[in-house]
Chemist: 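Got a structure here, written out as structure tokens. Questions coming.
Hydrogens, waters and symmetry mates play no part in the numbers below; they use all other heavy atoms, side chains included. This is a predicted model, so every value here is computed, not measured.
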Amino acid sequence: MQYRKLGASDLDVSEISLGSWLTYGVGVEQDKARACVDRAFDLGINFIDTANVYGRGAAEEVLGEVLAGRPRDSYVLATKVFGAMSDTDKGLSAVQIAKQIDASLKRLRTDFVDLYQCHRYDPETPLEETMQALSEVVRAGKARYIGFSEWSPDQIEAAFALPGVERFVSSQPQYSLLWRRPEAKVIPTSAANGVSQIVWSPLAQGVLSGKYLPGAQLPEQSRATSDSMGQAMRSWLQPDILEAVQKLKPLAAEAGCSLTQFSLAWVLREPNVASAIVGASRPDQLDENAGASGLKIDPTLFAKAESLVAGLQRARV
């Protein structure tokens, strides 16, 4: 496993990180979650990402239990705030940030998180209030650093223009061979401000593994067939997308790796990406994902892959 510095922080994070969206506490049983986390550590994955809204606290509770007993300095732990935890508890107001960080720490069974992220931008709260509240979280020792997810370039720049507040070190956008939107502005804006990307859905919800075949029945026990996990990926299960992904397989074979590893290595080719977040419901999935770290692949193969999927549009669902 290779490691990269997370923005302007002193955190070294594994190139492959373990996420918990739609999985732990929701679609994956506790014993399997523990097995996945244990395997992640065996593989050198030191970065674990979650959010308070995942299962409305369920993912944090599971991680709190399975991480209990491990030395706190042996992993980098990130969570998020913004999503609705009740009919009235949501957003990035000072009251909510103060309330939700304490609730997250209790569920995670820790005194601090390494990274506290705004899950989305809150247009109903003044940015100054949000940034001051996040700064107070850091200065109270409850989080070491702060980050954001899916903020626009203008929102990012506005945060950096505020005086006297803590500075973001991470951005968490969706980014993959099939979703390259951050390249236009988010990555350049971030790089100029000491912010690294921690990307979610680097495999387009598993479609870039190549296991979903056009015109074929969905594989049994796959994420796509799960009631709790399948909805989020249905927009990718389009014939033209699945056909194009199959054409990527010979490129991966030429590179001497699986299509999953090829797709993750493509994300990691970007210097501003610190880590690619993967989900896992079985430990063996992490074995393959971790194999992407440190891969050296001919850039001409990546260029061919980009041309094969150029212009594809996911469906609206």
Chemist: I'd like to check N52 versus R107 (side-chain heavy atoms, cut-off strictly below 4.5 Å). Are they in contact?
Modeler: yes
Chemist: Looking at residues at least two apart in the chain, or sitting in another chain, which of them share a side-chain contact (heavy atoms from CB on, under 4.5 Å) with P173?
Modeler: E150, S171, P182, Q197, V199
Chemist: Between the side chains of Q246 and K249, is a donor N or O closer than 3.5 angstrom to an acceptor N or O?
Modeler: yes
Chemist: Looking at CG of D42 and CE of M1, how far apart are the two atoms once the value is rounded to the nearest 0.5 Å?
Modeler: 11.5 Å
Chemist: Please find the pair of heavy atoms, one from V195 and one from S170, that lie closest to each other, and give the distance.
Modeler: CG1-C, 3.5 Å
Chemist: Which pairs count as salt bridge (Lys or Arg N to Asp or Glu O under 4.0 Å) when at least one residue sits in residues 152-177, sequence neighbours excluded?
Modeler: R139-E166
Chemist: Taking only residues at least two apart or on different chains, which pairs with a member in residues 124-134 satisfy side-chain hydrogen bond (donor to acceptor under 3.5 Å, both in side chains)?
Modeler: D122-T125
Chemist: How close do S14 and N46 get, counting heavy atoms only, and between which atoms?
Modeler: N-OD1, 2.8 Å
Chemist: Is the NZ or CZ atom of R72 both under 6.0 Å from the centre of the six-membered ring of F112 and within 45° of that ring's axis?
Modeler: yes
Chemist: If you take all heavy atoms of L177 and L248, which pair is closest and at what distance?
Modeler: CD1-CD1, 4.3 Å
Chemist: Which residue, K80, Q117, R120, H119, forms the side chain to side chain donor-acceptor pair (under 3.5 Å) with S149?
Modeler: R120
Chemist: How long is the gap from CG on L63 to OG1 on T110, to the nearest 0.5 Å?
Modeler: 12.0 Å
Chemist: Just checking, any donor-acceptor pair under 3.5 angstrom between side chains of T50 and E60?
Modeler: no
Chemist: In plain terms, say whether D284 and R39 are close enough for a salt bridge, that is, a side-chain N and a carboxylate O under 4.0 Å apart.
Modeler: no
Chemist: For a quick test of reading the model, state the closest non-hydrogen atom pair linking L203 to S263 and the distance between them.
Modeler: CD2-CB, 3.7 Å
Chemist: Rounded to the nearest 0.5 Å, how far does CE of M85 lie from OG of S104?
Modeler: 6.5 Å
Chemist: Which of parallel (below 30°), tilted (30 to 60°) and perpendicular (above 60°) describes W266 and Y175?
Modeler: tilted
Chemist: Atom NZ of residue position K5 - does it have more than 12 heavy atoms of other residues, nucleotides or ligands inside 6.0 Å?
Modeler: yes
Chemist: Looking at R4 and E270, is there a salt bridge between them, counting it only when a charged N and a carboxylate O are closer than 4.0 Å?
Modeler: no
Chemist: For the side chain of Y116 and the backbone of I101, is there at least one donor-acceptor N/O pair under 3.5 Å apart?
Modeler: yes
Chemist: Within 45 degrees of the ring normal and closer than 6.0 Å to the centroid, is that where the cationic atom of R70 sits relative to Y75?
Modeler: no
Chemist: Please state whether the rings of W179 and W236 are parallel, tilted or perpendicular, taking 30° and 60° as the class boundaries.
Modeler: perpendicular
